[in-house]
Amino acid sequence: MRFRARQRLRTNKDFASVRKLGQRQPFLGFLAQFSVNVKGMTGRRIGFRVSRKVGNAVIRNRMKRVFRELFRLHQNELPDQCDLVLVAHPSLPTIKRKSIEEDFRKLCGKISSRAIT
């Protein structure tokens with residue numbers, strides 16, 4: 001499945017909504033902020049916040065590519081109406097991709113279990 005433009009959080013309003021209405025879940029290299037089943041929400045969407053503290057442009061873009069690929073591969077594990085913002089920690093580039101993927105899968109499971117209840 002491709003990562004489509006409609007699956008991205010684009011506006012500052014969308015990011016602020018997730019920050020205000022959503023829940024937070026910290027992981028080793030990133031912080032996840034998510035909201036599920038909020039009125040007016042359509043589909044699964046993801047956004048990234050990767051500051052300059054993470055590294056230069058090459059490293060920041062690589063981290064975003066890793067997150068996009070993880071979202072693309074595991075988006076079916078998320079609820080149908082879910083907005084997700086991933087905030088990268090400066091230590092993220094030093095963490096192996098496999099452990100980032102394990103944390104992302106744990107995140108998907110936690111979001112799915114909270115959506116059911």
Side-chain angles (χ1 to χ4, degrees):
M1 232 179 173
R2 285 185 56 194
F3 183 71
R4 305 225 179 247
R6 67 177 176 262
Q7 294 176 302
R8 295 184 185 115
L9 290 173
R10 292 174 177 256
T11 65
N12 192 29
K13 180 181 167 187
D14 291 336
F15 280 86
S17 172
V18 173
R19 198 169 35 244
K20 183 178 178 185
L21 302 173
Q23 300 174 0
R24 298 166 51 117
Q25 182 67 46
F27 287 97
L28 185 60
F30 62 95
L31 171 73
Q33 299 171 323
F34 58 92
S35 59
V36 181
N37 295 329
V38 176
K39 185 178 179 182
M41 191 181 294
T42 58
R44 302 173 186 106
R45 299 186 303 170
I46 191 167
F48 313 105
R49 288 181 29 213
V50 184
S51 74
R52 289 184 184 172
K53 293 178 183 178
V54 174
N56 63 20
V58 174
I59 293 171
R60 291 193 310 267
N61 288 328
R62 184 181 317 132
M63 295 299 102
K64 289 187 269 189
R65 281 194 307 271
V66 166
F67 282 143
R68 272 195 296 272
E69 180 66 9
L70 291 174
F71 179 76
R72 188 187 70 79
L73 292 173
H74 302 292
Q75 64 184 324
N76 293 328
E77 298 173 25
L78 293 169
D80 288 333
Q81 295 180 335
C82 176
D83 282 351
L84 177 63
V85 175
L86 300 176
V87 182
H89 189 268
S91 66
L92 184 64
T94 62
I95 300 171
K96 299 217 182 276
R97 187 184 187 282
K98 188 166 185 132
S99 60
I100 295 171
E101 183 172 7
E102 289 171 6
D103 285 345
F104 190 81
R105 293 198 69 192
K106 288 178 194 174
L107 172 66
C108 291
K110 288 183 181 188
I111 293 172
S112 295
S113 66
R114 289 182 182 174
I116 293 170
T117 57

Please check: side-chain N/O of [X] versus main-chain N/O of [Y], any donor-acceptor pairing under 3.5 Å?
X: R44; Y: P79; value: yes
X: R24; Y: L31; value: no
X: Q7; Y: R4; value: yes
X: S112; Y: G109; value: no

**Residues I46, V85; criterion side-chain contact (heavy atoms from CB on, under 4.5 Å); working and verdict** = CA-CA 6 Å; I46 191 167; V85 175; over 6 Å; no
**Item:** Nearest-0.5 Å distance, CG of residue L86 to CD of residue Q25
**Value:** 12.0 Å
**Message:** What's the separation between atom CG in D83 and atom CG in L21, rounded to the nearest 0.5 Å?
**Reply:** 10.0 Å
Minimum heavy-atom distance [X]-[Y], with the two atoms named:
X: L70; Y: F104; answer: O-CE2, 3.6 Å
X: S91; Y: G29; answer: OG-CA, 4.3 Å
X: K53; Y: P90; answer: O-CB, 3.7 Å

**Item:** Chi angles and distances behind the side-chain contact (heavy atoms from CB on, under 4.5 Å) call for F30, V87
**Value:** CA-CA 5 Å; F30 62 95; V87 182; over 6 Å; no
**Request:** Supply the members, apart from L73, of the Ile/Leu/Val/Met/Phe/Trp/Tyr cluster built from side-chain contacts under 4.5 Å; use none for a lone residue.
**Result:** none
**Prompt:** Which is it for R45 and R6 under the side-chain contact (heavy atoms from CB on, under 4.5 Å) test, yes or no, and what are the steps along the way?
**Reply:** CA-CA 7 Å; R45 299 186 303 170; R6 67 177 176 262; over 6 Å; no
**Salt bridge present between K98 and E101 (N-O < 4.0 angstrom)** = no
